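Note that the structure is a prediction, hence the values are computed from the model and not measured.
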Amino acid sequence: ACSEFSQRSCEECLRNVTCLWCYTNNTCIDYPVRSILPPSSLCSLSNARWGVCWINFEALIITIAVVAGLILVSVAVCCCYCCYCRRHSKSRPDEEEEQLARKREERRLQFLQRKHERKQKHDEIRKKYGLLQDSDNPYSRFENE
């Protein structure tokens, strides 16, 4: 029982996890597990020690609350930042941009193919009427007008 360690030392009392040390009257009492915080009728929070003797219960609660708050805030900031970056990032093209680029390339290739076919037809017509200079015969007859 925790009451056996009363009037001894804080370290001896707190070796048992279920004990609470009170510096006002140097007593070791059972931790009131039904209530989260020990009531002030047992011992004030500034004089109560639990777990370690070098920090009072009040400072322990404040420290745990601050650390938990910082962890929650940092997780929330990281989540918001990641969601914002994912939504607004333009560094990687998405599927729509890739489809548009593919269609643009297909249209360019079709345009070049039609242009080549037109050039062939025009060359045939020029050849038929003698307007096309033969690449085999670079010299042409010079006619006076």
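Taking 4.5 Å as the limit, some side-chain heavy atom of N26 sits within range of a side-chain heavy atom of W21. Side-chain contact check for L112 versus H116: every heavy-atom pair is 4.5 Å or farther apart. The shortest side-chain heavy-atom distance between T63 and I55 falls under the 4.5 Å cut-off. Side-chain contact between P39 and P32 is present, with heavy atoms from C-beta onward closer than 4.5 Å. H122 is listed as a side-chain neighbour of R126, based on a closest heavy-atom distance under 4.5 Å. Annotation: side chain of L45 is not in contact with side chain of S40 (no heavy-atom distance under 4.5 Å).
Nearest heavy-atom pair, C10 versus R49, reported as atom, atom and distance to 0.1 Å: SG-CB, 4.2 Å.
In this structure, C22 and C28 have their SG atoms no less than 2.5 Å from one another. C13-C2 SG separation is not under 2.5 Å; the pair is not scored as a disulfide.
Salt-bridge formation is not detected for the pair R102/E105: no Lys NZ or Arg NE/NH1/NH2 atom is positioned less than 4.0 Å from an Asp or Glu carboxylate oxygen. Note on D123 versus K119: salt bridge recorded, some NZ/NE/NH1/NH2 to OD/OE distance being below 4.0 Å.
Placement of V75 and L70 in two distinct hydrophobic clusters is found when ILVMFWY residues are connected by side-chain heavy-atom separations under 4.5 Å, directly or transitively. Cluster annotation: Y31 and L14 are assigned to distinct hydrophobic clusters (Ile/Leu/Val/Met/Phe/Trp/Tyr, side-chain heavy-atom contacts under 4.5 Å, transitive).
Formation of a donor-acceptor pair under 3.5 Å by the N16 side chain with backbone atoms of C19 is not found in this model.
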